[in-house]
Each structure stands twice: as C-alpha cells, then as structure tokens.
Amino acid sequence: MAHYSRLYTIVLDVPATDHGATVAFWRGALDAPLEQVAKYPEFHGARLPTHDLVLLAQQVGAGGPRVHLDIHTDDLDAEVARLEALGATRVERHDRWWVMHDPAGVTFCVVLDQPGTLTDANATRWP
C-alpha cells in the first residue's frame, strides 16, 4: 500500500544533568522557543524558523549526549518494512514509533504522524 514519509525531526538526546543547559543554549542559538511537550515532558521542542524541521531536546536517563533523526510517516508498518528492506533493523517499539538502527548501527526513529499531515507537497510518496 502506498504511504508517505519525510525527515522531520532532529533530536538532541542529553542526560538529565545537561538538559536544562542544552535547552537554553539551543533556544538562544536558533531563536526557537523549545517549549516543553505536554504529553512527553522529557522533550522540549520547536519548529525551526525558516525550516520545515522540528528540533527536540530529549532528556535521557543513560548514556552520553548524541543526535538522532526522526522520520515521520502515515503508515508505521509500511515505512519500517521499507527501511528494513534497505538494511535497517528494529530495536524497540513504542506507542507511536519504532527505534531503529541503520546498517552502521546509527539510531533513528520512525514516528507515526497525525492522519492527513503528510501530503505530496511535504513528503515522499512510496509505492
């Protein structure tokens, strides 16, 4: 079944001890509000000015700081299968997303977007 996907989010994963400073830094660096996400309070995020991308600062419990990308889709199963065919592997399922690894082991997420959000104008349509 045809579906849409697009690169949509840059996620800064930072330990709790550095989260506040990271949020403050990127607010100033990008002139973006980075507001706390009500449903997921460990995230602060904003759409980047002059871009169609979102920046999120995610407070993580373990590990050092890193950056990962989120691909948004209107069909989670189809997009995960498409990426697996390209060499990605599944790591962990969450409510509305999969954590995956690319062939080199780089972490990224595939996130189910709100119905009707992805269109020919803002995403790639896959057969």
Side-chain angles (χ1 to χ4, degrees):
M1 180 176 174
H3 73 282
Y4 289 104
S5 70
R6 68 175 171 174
L7 175 63
Y8 188 61
T9 311
I10 302 166
V11 184
L12 308 170
D13 298 315
V14 294
T17 55
D18 299 322
H19 188 255
T22 296
V23 169
F25 173 82
W26 287 105
R27 278 179 179 150
L30 300 175
D31 192 28
L34 291 179
E35 300 295 333
Q36 188 172 36
V37 178
K39 187 172 181 180
Y40 301 102
E42 69 274 18
F43 289 101
H44 284 73
R47 181 166 296 212
L48 296 176
T50 72
H51 295 278
D52 191 26
L53 289 171
V54 170
L55 178 69
L56 287 177
Q58 174 179 252
Q59 182 176 309
V60 295
R66 66 180 181 162
V67 175
H68 79 263
L69 303 175
D70 286 356
I71 295 172
H72 282 220
T73 185
D74 61 352
D75 186 333
L76 191 59
D77 293 335
E79 184 64 4
V80 167
R82 185 184 78 80
L83 295 168
E84 283 180 315
L86 295 170
T89 55
R90 298 176 195 217
V91 176
E92 183 178 4
R93 172 76 192 242
H94 292 267
D95 178 39
R96 296 178 44 85
W97 70 90
W98 268 99
V99 177
M100 299 186 76
H101 285 160
D102 77 1
V106 175
T107 300
F108 67 97
C109 294
V110 181
V111 179
L112 182 62
D113 216 326
Q114 299 298 321
T117 302
L118 302 177
T119 67
D120 288 332
N122 65 13
T124 300
R125 184 176 176 88
W126 303 101

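Remember, predicted model here, so these are calculated numbers, not experimental data.
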Between [atom1] on residue [X] and [atom2] on residue [Y], distance to nearest 0.5 Å:
{"X": "L12", "Y": "F25", "atom1": "CG", "atom2": "CZ", "answer": "10.0 Å"}
{"X": "S5", "Y": "D75", "atom1": "OG", "atom2": "CG", "answer": "10.0 Å"}
{"X": "L53", "Y": "Y8", "atom1": "CG", "atom2": "OH", "answer": "8.5 Å"}
{"X": "W126", "Y": "E79", "atom1": "CH2", "atom2": "CD", "answer": "7.0 Å"}
{"X": "D13", "Y": "L56", "atom1": "CG", "atom2": "CG", "answer": "9.5 Å"}

Taking [Y]'s backbone N and O only, do any of them form a donor-acceptor pair with [X]'s side chain (distance below 3.5 Å, no angle check)?
{"X": "H72", "Y": "L7", "answer": "no"}
{"X": "D102", "Y": "V106", "answer": "yes"}
{"X": "N122", "Y": "T117", "answer": "yes"}
{"X": "T9", "Y": "V11", "answer": "no"}

Who are the side chain to side chain contact (heavy atoms under 4.5 Å, CB included) partners of [X], not counting sequence neighbours?
{"X": "V99", "result": "V91, E92, H94, W97, T107, C109"}
{"X": "A16", "result": "Q59"}
{"X": "E84", "result": "V80, R90, M100"}

Cluster question for you: counting only ILVMFWY and a side-chain heavy-atom cut-off of under 4.5 Å, with indirect links fine, are [X] and [Y] together?
{"X": "V54", "Y": "V67", "answer": "no"}
{"X": "L112", "Y": "F108", "answer": "yes"}
{"X": "L48", "Y": "W26", "answer": "yes"}

Side-chain contact, heavy-atom cut-off 4.5 Å: [X] with [Y]?
{"X": "T73", "Y": "R6", "answer": "no"}
{"X": "L76", "Y": "V111", "answer": "no"}
{"X": "D52", "Y": "R47", "answer": "yes"}

Show the atom names and distances, to 0.1 Å, of all donor-acceptor pairs under 3.5 Å that link a side chain in residues 31-40 to residues at least two apart or in another chain.
| unit_1 | atom_1 | unit_2 | atom_2 | d |
| --- | --- | --- | --- | --- |
| Q36 | NE2 | P41 | O | 2.9 |

**OP:** Consider only side-chain N and O atoms of D70 and H68, and report whether a donor and an acceptor are under 3.5 Å apart.
**Re:** yes
Original post:
When Ile, Leu, Val, Met, Phe, Trp and Tyr are grouped by side-chain heavy atoms lying under 4.5 Å apart, directly or through other members, which residues fall in the same group as Y4?
Top reply: L118
Original post:
So which residues get pulled into V14's cluster when ILVMFWY side chains under 4.5 Å apart are joined, directly or through others?
Top reply: none
Original post:
Can you name the closest pair of heavy atoms from Q58 and H19 and give their distance?
Top reply: C-CD2, 3.8 Å
Original post:
Which heavy atom in P49 sits nearest to a heavy atom in L30, and how many Å separate them?
Top reply: CG-O, 3.7 Å
Subject >> Carboxylate-amine/guanidinium contact R96 D113, below 4.0 Å >> reply: no
